[in-house]
2 protein chains.
Amino acid sequence: MSTLPEKTIERLSMYRRVLQTYQDNQSEFIYSHELASLLHLTPVQVRRDIMLIGYSGTQRKGYSVKELINKIGDILDGNERINAVIIGMGHLGKAITNYFNTKRSKIDIVAAFENDSTKVDRIISGIKSYHTDSLEMILEESNVTIAILSLSPREAQDVTDRLVFAGIKGILNFTSVPLTVPEDVSLENYDMVTSMEKLAYFVKEKIRDENSL
Amino acid sequence: MSTLPEKTIERLSMYRRVLQTYQDNQSEFIYSHELASLLHLTPVQVRRDIMLIGYSGTQRKGYSVKELINKIGDILDGNERINAVIIGMGHLGKAITNYFNTKRSKIDIVAAFENDSTKVDRIISGIKSYHTDSLEMILEESNVTIAILSLSPREAQDVTDRLVFAGIKGILNFTSVPLTVPEDVSLENYDMVTSMEKLAYFVKEKIRDENSL
DNA sequence: TAAACAATGTTATTATTTTAACAATTATAC
DNA sequence: GTATAATTGTTAAAATAATAACATTGTTTA
């Protein structure tokens with residue numbers, strides 16, 4: 001199967017999440033319109049996404065929840081688990097690790113890095129924390145492909161360069177700094193300020209539209 | 001001017017941010033290709049966005065940084081400041097408020113809400129914190145249009161309903177729960193798990209592609 | 001002052017994403 | 001057992017977004 005559309009990947013992640021809670025307390029099968037309504041999407045979009053991943057339901061019965069979860073897992077997780085590290089254990093770093101530790105996921109955060117000496121060589125939010133200086137050393141002895149950046153903007157690009165040099169293949173950037181990475185490294189930006197300003201804009205637009213009716 | 005494309009709005013927010021740091025330590029003018037390279041976009045996209053907001057640079061000189069910042073401000077901020085509240089002051093809530101308090105922004109977080117009695121009626125991260133029970137009371141006496149949700153998934157929909165009923169017009173949802181809101185309320189989801197799984201997928205794809213060469 | 005150059009502004013094209021349309025199929029009711 | 005209704009799977013169309021193409025214009029330089 002060739003690479004799936006980005007938006008489909010996003011939705012697959014959401015499908016799985018709601019399917020897992022659905023599975024826990026309800027029926028064995030689910031209709032496209034049910035899954036759609038749980039996520040406020042259209043049934044067509046759900047069916048099309050499921051078509052793209054090569055899974056088939058049965059007409060009139062819908063999709064087997066269990067099989068669909070497994071199929072999405074095949075796509076998103078692959079076979080082996082993925083190791084990640086997090087750099088920066090302020091409030092945001094702790095929030096992220098708490099979040100992930102509680103979820104059933106194939107992605108494990110295996111180490112945290114900090115400059116603040118009071119946070120180094122301790123277990124924070126269930127994760128062993130090291131000084132950022134030992135980044136290369138730890139990465140060398142463990143199979144880590146993804147890094148989560150929740151540190152100060154000032155250090156972001158420096159640490160990124162070191163991560164890339166150490167062989168990291170994907171970066172989830174929570175800082176507001178636009179990072180430069182080589183072509184073969186995936187970068188996903190997660191920008192609170194932009195989300196907020198975007199929301200504010202559309203709120204204002206909506207209010208404006210309503211007033212102009 | 002009619003409503004701008006969603007993607008343009010996102011980029012405008014990013015333009016402004018890099019322009020502000022650019023302004024602080026560099027020249028009066030900026031070329032489209034400079035602005036583009038700061039954000040790893042194409043010059044065409046930058047020029048097209050700027051065209052859409054109705055601003056013009058001068059050929060051969062580029063865009064006036066100051067004027068462009070102001071013009072983006074007109075679009076994103078409008079005239080008046082926007083008030084927001086945040087619900088849930090765990091690590092994530094604190095991270096978000098710290099983030100916003102330090103930025104120059106037209107969006108003010110004016111109150112926080114918590115259920116944990118040890119966090120109520122105090123100043124946390126510079127923001128007055130109230131018990132969630134007094135949500136309606138506080139909202140009634142202040143002009144708040146946006147709410148940020150960084151609370152437990154379990155309470156998310158309940159609180160959302162109360163916020164909507166109290167007249168909130170936009171919700172920034174940091175929980176992983178898909179929320180139901182009426183048509184006239186804007187909703188922006190900010191989903192860490194999905195971002196992470198998406199990144200993991202594309203990392204795997206890239207590794208797969210490289211191996212198959 | 002005129003030619004060359006380098007930048008903007010805008011229209012046209014292409015790519016991606018969503019939505020619509022509808023045929024195929026299966027369970028159910030009569 | 002046949003008709004009916006409801007659902008899936010897939011192709012086609014529409015909407016949105018990104019990229020390319022290029023005309024225009026201001027600046028520099030000879």
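Looking at B/D24 and B/Q20, their side chains never bring a donor and an acceptor atom within 3.5 Å of each other. Between the side chains of B/N143 and B/N83, no donor-acceptor pair is found at a separation under 3.5 Å.
Formation of a donor-acceptor pair under 3.5 Å by the B/Y15 side chain with backbone atoms of B/E10 is not found in this model. Put simply, the side chain of A/R162 gets close to the backbone of A/T132: a donor and an acceptor are under 3.5 Å apart.
Here the C1' atom of nucleotide C/dT10 and the CG atom of B/D49 are 14 Å apart, to the nearest Å. To the nearest angstrom, C1' of D/dA5 lies 13 Å from NE2 of A/H33. Taking atom CZ on B/R47 and atom P on D/dT25, their separation rounds to 16 Å, with Å as the unit. Across the protein-nucleic acid pair, A/E6 atom CD and C/dT18 atom C1' stand 15 Å apart, rounded to whole Å. The separation between B/L52 atom CG and C/dT8 atom P is 16 Å, rounded to whole Å. The interatomic distance linking B/E10 (CD) with D/dT16 (C1') rounds to 13 Å, in whole Å. Between the NZ atom of A/K7 and the P atom of D/dA15 there is a distance of 19 Å, rounded to whole Å. One atom, NE2 of A/H40, and another, P of C/dT18, lie 17 Å apart when rounded to the nearest Å.
Distance from the side chain of A/Q45 is smallest for C/dT18 among the nucleotides C/dG9, C/dT18, D/dT10. Among the nucleotides D/dT11, D/dT7, C/dT18, the one closest to any side-chain atom of A/R11 is C/dT18.
Taking 4.0 angstrom as the limit, B/S32 places a side-chain polar atom (N or O) nearer than this to OP1 or OP2 of C/dT8. For the pair A/Y31 and C/dT26, the criterion of a side-chain N or O lying under 4.0 Å from OP1 or OP2 is not met.
When the nearest nucleotides of DNA chain D are assigned to A/S56 and B/R60 by heavy-atom distance, the more 5′-ward of the two goes with A/S56. Residues B/V44 and A/K61 each lie close to DNA chain C; by heavy-atom proximity, the contact nearer the 5' end of the strand is made by B/V44.
Interface remark: the B/R48 side chain does not form any donor-acceptor pair with the D/dA18 base, using a distance-only criterion of under 3.5 Å. On a pure distance criterion of 3.5 Å, a polar donor-acceptor pair joins the side chain of A/Q59 and the base of C/dA24.
At a threshold of 4.5 Å between non-hydrogen side-chain atoms, the residues B/S125 and B/F100 do not count as touching.
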